[in-house]
Asker: 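First the structure, then my questions, so here it is.
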Amino acid sequence: MIKITLKDGSVREYEKGIKVKEVVASIGSGLLKAALAAKVNGKICELNNSIHEDSTLEVLTFDNEEGRLALRHTSAHILAQAVKRLYPNVKLAIGPAIENGFYYDFDSEKAFTEADLEIIQKEMEKIIKEDYKLERFVLPREEAIKLMEEKGETYKVELIKELKEDEVISFYKQGEFLDLCAGPHVPSTGKVKAFKLLNVAGAYWRGNEKNKMLQRIYGTAFMKKSQLDEYLNMLEEAKRRDHRKLGKELDLFSIQEEGPGFPFFHPKGMILRNILEDFWRKEHKKKGYQEIKTPIILNADLWHRSGHWDHYKENMYFTKIDEQDFAVKPMNCPGGMLMYKRELHSYRDLPIRMGELGLVHRHELSGALHGLMRVRCFTQDDAHIFMMPSQIKDEIIGVIEMVDYFYNLFGFKYHVELSTRPEKSMGSDEDWEIATNALKEALELKGINYRINEGDGAFYGPKIDFHLQDCLGRTWQCGTIQLDFQMPERFDLTYIGKDGEKYRPVMIHRVIFGSIERFIAILTEHFAGAFPVWIAPVQVVIIPVSEKHYEYAKEVEQKLNDLDIRVESDLRSEKVGYKIREAQLKKVPYMLIVGDKEVEDSSVSLRDRKDGDIGTMKLEAFIERIMNEIENKVNR
RNA sequence: GCUACUGUGGCUCAGUCGGUAGAGCAGCUGAUUCGUAAUCAGCAGGUCAGGGGUUCGAGCCCCCUCAGUAGCUCCA
């Protein structure tokens with residue numbers, strides 16, 4: 001007999017060699033139904049595994065990430081099985097579970113269309129009904145290779161050949177279908193109750209653009225149909241928050257065919273931008289930043305010196321002026337270098353924090369463009385901090401705190417990544433190590449969790465990246481802090497130390513918003529276009545009930561306008577309901593309805609875009625309310 | 001850039017088998033003067049992304065280009 005300790009601490013005795021699912025069944029039939037996989041002694045295993053010694057057991061259901069992954073991983077196998085049945089010549093690549101579902105990559109002569117997805121979906125439903133057991137078996141390397149070669153699965157052969165010597169090579173078989181796979185899986189295909197194939201897209205084999213492009217089919221799977229429907233609804237809902245859709249509806253910006261990736265900002269979008277920039281200036285002034293502006297076009301020599309010519313050329317635009325080569329800036333730093341060098345600096349001046357809302361142009365691949373999230377010209381809320389090595393830590397921490405303050409203000413959740421030295425880069429290993437460690441140390445001092453993003457640093461230094469989420473949960477890098485020993489060297493920056501000798505300063509490149517464009521996109525999606533009052537392009541719409549109230553409406557408008565409140569009066573001969581509907585759709589925070597009653601006692605009838613009709617109040621009371629909300633930058 | 005898909009008035013979308021372009025909203029004009037999410041009527045608006053081809057005839061079929069969407073790659 002063996003003792004099995006459950007999650008709640010209770011201990012039960014079973015025969016040695018008992019299967020996990022038998023243990024689960026003995027706990028309860030409901031649990032057995034929900035069980036997808038298990039953890040025995042902390043190690044993930046399947047319900048079909050046997051237990052031979054005293055163990056702890058945790059049952060994994062759809063509520064556990066590992067349980068979800070098992071279910072979806074099995075779904076991916078079912079997808080592959082269906083595709084193999086329908087199109088036997090298709091070769092299999094890889095098919096993992098991902099955050100919200102699964103995918104499988106196929107090498108297929110035939111291009112899968114939406115219509116094919118339906119056919120494949122039907123075949124998958126059959127496989128699920130047929131309820132095959134997933135049977136695991138292990139083969140020695142040579143036999144595994146032979147098996148896959150026989151089946152013509154050249155991608156699998158490649159995968160096996162790259163597995164490490166000591167790795168177990170396991171396969172899973174379900175009915176006639178067989179796939180190289182490490183597992184774990186749910187016990188049978190019948191466990192997949194609710195799934196849907198979502199879309200097809202190209203994907204390079206092993207994520208390398210030099211390799212063949214395969215066809216990737218994405219899908220998702222849940223335990224219950226209701227969960228699937230809920231997820232699909234959520235996706236629909238998310239589309240309504242899309243900044244490209246809202247940008248059009250709210251008349252914030254547009255991107256015209258004549259300028260792919262070069263956004264036009266409309267008057268209402270400019271209000272947003274200007275508010276963000278004003279706020280930015282105010283906060284930076286508080287933190288001891290100066291502001292500069294450097295030119296957009298500078299000569300080729302500068303870009304050679306900065307290293308951009310060698311490391312960033314394919315992203316840059318070039319032009320000629322009087323036979324000389326110039327480049328449009330993709331970054332603000334070289335201009336900032338020249339600003340530093342224009343005069344001699346004392347150690348007493350450091351750190352110098354030099355900010356610039358700088359418009360940069362980058363040649364992004366056409367397929368990468370995405371609304372305001374990824375464009376070909378954008379304004380970075382840049383700053384370069386020049387300092388002594390002893391000041392590095394404090395300065396990094398100062399920036400981290402500023403990012404946190406900005407993002408919290410809008411209620412953004414973010415995650416942090418530390419990007420290390422890329423292949424294409426300059427400088428000594430030693431410098432890189434010092435810089436990387438400085439960033440790490442600052443993050444650890446602040447107690448911030450971070451992921452390491454190997455090889456994703458800038459060519460001149462490692463960076464801390466701050467990522468924000470869009471409506472669909474895709475993450476976008478916004479803030480970044482980059483520590484740089486290279487540019488000061490290349491540009492021979494110096495400061496005079498206490499002893500009168502010249503020393504080399506260190507420098508930080510950093511942005512908080514990242515790019516104003518991207519930040520506005522995130523902001524739009526986060527608030528679904530219903531911006532907090534302090535940044536709303538229109539804060540108040542005044543709606544007179546009829547023509548005889550126009551005069552009072554204008555009076556109120558004037559008063560609010562005098563207080564710098566962004567207000568409009570709707571003086572069209574439409575019904576109140578019509579004007580309200582329009583203001584609601586434009587997501588204006590406050591509507592003031594004024595009729596006979598309001599004219600009489602200098603009041604307004606207040607309607608909130610979220611809470612609806614609030615009732616009548618004195619104009620002064622409303623002013624107090626909105627001014628307070630603006631002043632305190634209330635999020636609601 | 002790559003793979004697949006899409007492109008029709010300002011916006012959202014119909015358009016059958018290839019037979020010569022249609023709706024709603026928005027706009028304009030007029031009427032209406034109204035109390036918390038759409039008042040009524042009339043008018044105007046289109047080189048069907050652009051170019052080429054097939055055809056007696058192309059929004060529809062074929063080719064090229066451009067742009068967009070999803071994903072890959074790349075990145076703020």
Side-chain angles (χ1 to χ4, degrees), chain A residues 103 105 108 111-114 116 198-218 239 242 244-245 248-249 251 254-261 312 314-315 330-331 358 360 362-382 419 456 458 463 465-468 472 474 476-480 482 509 511-519 521-522 543-550 572-585 591-598 605-609 612-616:
Chain A
Y103 68 79
D105 284 350
S108 162
F112 298 123
T113 64
E114 297 289 311
D116 295 326
L198 297 171
N199 52 327
V200 223
Y204 298 107
W205 167 236
R206 317 208 106 179
N208 186 331
E209 62 181 325
K210 299 212 169 61
N211 291 340
K212 182 165 185 184
M213 178 152 283
L214 309 172
Q215 292 193 66
R216 176 172 295 179
I217 298 180
Y218 283 91
K239 280 187 201 148
D242 191 310
R244 292 166 298 184
K245 188 173 155 62
K248 203 183 277 183
E249 285 171 7
D251 200 20
S254 61
I255 296 172
Q256 316 273 344
E257 255 192 55
E258 290 80 351
Y312 209 73
E314 62 279 17
N315 281 299
M331 296 186 193
V360 297
R362 296 183 184 177
H363 180 71
E364 295 295 336
L365 294 177
S366 59
L369 301 178
H370 182 95
L372 288 183
M373 294 284 191
R374 189 182 276 111
V375 289
R376 284 179 172 156
C377 73
F378 54 99
T379 301
Q380 292 186 305
D381 62 316
D382 218 339
S419 295
D456 212 32
K463 53 183 189 160
D465 297 330
F466 297 84
H467 294 251
L468 295 171
L472 287 171
R474 293 175 291 208
W476 298 88
Q477 185 191 311
C478 289
T480 177
Q482 312 176 343
H509 311 238
V511 288
I512 309 284
F513 291 138
S515 95
I516 309 279
E517 289 75 6
R518 180 174 286 181
F519 200 82
I522 299 271
I543 300 174
V545 174
S546 80
E547 218 164 309
K548 54 183 188 233
H549 312 115
Y550 282 11
R572 294 171 303 172
S573 67
E574 295 288 350
K575 290 192 178 175
V576 172
Y578 180 90
K579 297 181 186 177
I580 285 176
R581 178 185 154 79
E582 192 140 299
Q584 281 290 155
L585 292 174
M591 285 153 265
L592 300 181
I593 291 88
V594 295
D596 286 339
K597 264 190 305 183
E598 290 75 18
S605 174
L606 181 62
R607 185 186 165 93
D608 181 283
R609 72 177 161 208
D613 191 359
I614 303 277
T616 307

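The shown structure was predicted, so the numbers you read here are calculated from the model rather than taken from an experiment. In what follows, every chain begins at residue 1, and chains take the letters A, B, ... in the order their sequences are listed.
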Asker: Does any nucleotide pair with B/A58 by Watson-Crick or G-U wobble geometry, both distances under 3.5 Å, and what is it?
Answerer: none
Asker: When the C1' atoms of B/G71 and B/C28 are compared, how many Å lie between them, rounded to an integer?
Answerer: 44 Å
Asker: Is a donor-acceptor contact shorter than 3.5 angstrom present between the side chain of A/Glu547 and the base of B/U33?
Answerer: yes
Asker: The criterion is side chain to side chain donor-acceptor pair (under 3.5 Å); which residues satisfy it with A/Arg581, sequence neighbours excluded?
Answerer: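 For A/Arg581, no residue satisfies side chain to side chain donor-acceptor pair (under 3.5 Å) once neighbours in sequence are set aside.
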Asker: Which nucleotide, B/U73, B/A26, B/G35, lies nearest any side-chain atom of A/Tyr578?
Answerer: B/A26
Asker: By a 5.5 angstrom centroid cut-off and a 30 degree plane limit, is there stacking between A/Phe378 and B/A76?
Answerer: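 A/Phe378 ring centre within cut-off of B/A76 base, planes near parallel; stacks.
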Asker: Evaluate the criterion side chain to side chain contact (heavy atoms under 4.5 Å, CB included) for residue pair A/Met591 and A/Arg609; output intermediate values, then yes/no.
Answerer: CA-CA 7 Å; A/Met591 285 153 265; A/Arg609 72 177 161 208; 4.3 Å; yes
Asker: C1' atom, B/G46 versus B/C13: distance in rounded Å?
Answerer: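 Comparing C1' positions in B/G46 and B/C13 gives a spacing of 15 Å.
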Asker: Of all the choices, B/C34, B/C75, B/G71, which nucleotide is nearest to the side chain of A/Asp456 once you look at every atom?
Answerer: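 From the listed options, B/C75 comes nearest.
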Asker: Work out how far the C1' atom of B/C61 is from that of B/C48, and round it to whole angstrom.
Answerer: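 Their C1' atoms lie roughly 16 Å apart.
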Asker: Expressed in whole Å, how much space separates the P atoms belonging to B/C72 and B/G10?
Answerer: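 Rounded to whole Å, the distance is 35 Å.
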Asker: Which residues pass the side chain to side chain donor-acceptor pair (under 3.5 Å) test with A/Glu517, not counting sequence neighbours?
Answerer: A/Arg273
Asker: Hunt down the Watson-Crick or G-U wobble partner of B/U69, both distances under 3.5 Å, from any strand shown, or write none.
Answerer: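 Answer to the pairing question: B/A4, which forms a Watson-Crick or G-U pair with B/U69.
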Asker: Under 4.0 Å from OP1 or OP2 of B/U12: is there any side-chain N or O of A/Lys248 that close?
Answerer: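 True: A/Lys248 side-chain N/O within range (under 4.0 Å) of B/U12 OP1/OP2.
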Asker: For a side chain to side chain contact (heavy atoms under 4.5 Å, CB included) check, start with the C-alpha distance between A/Met373 and A/Arg474, then their side-chain angles and the critical distance, and finish with the verdict.
Answerer: CA-CA 11 Å; A/Met373 294 284 191; A/Arg474 293 175 291 208; over 6 Å; no
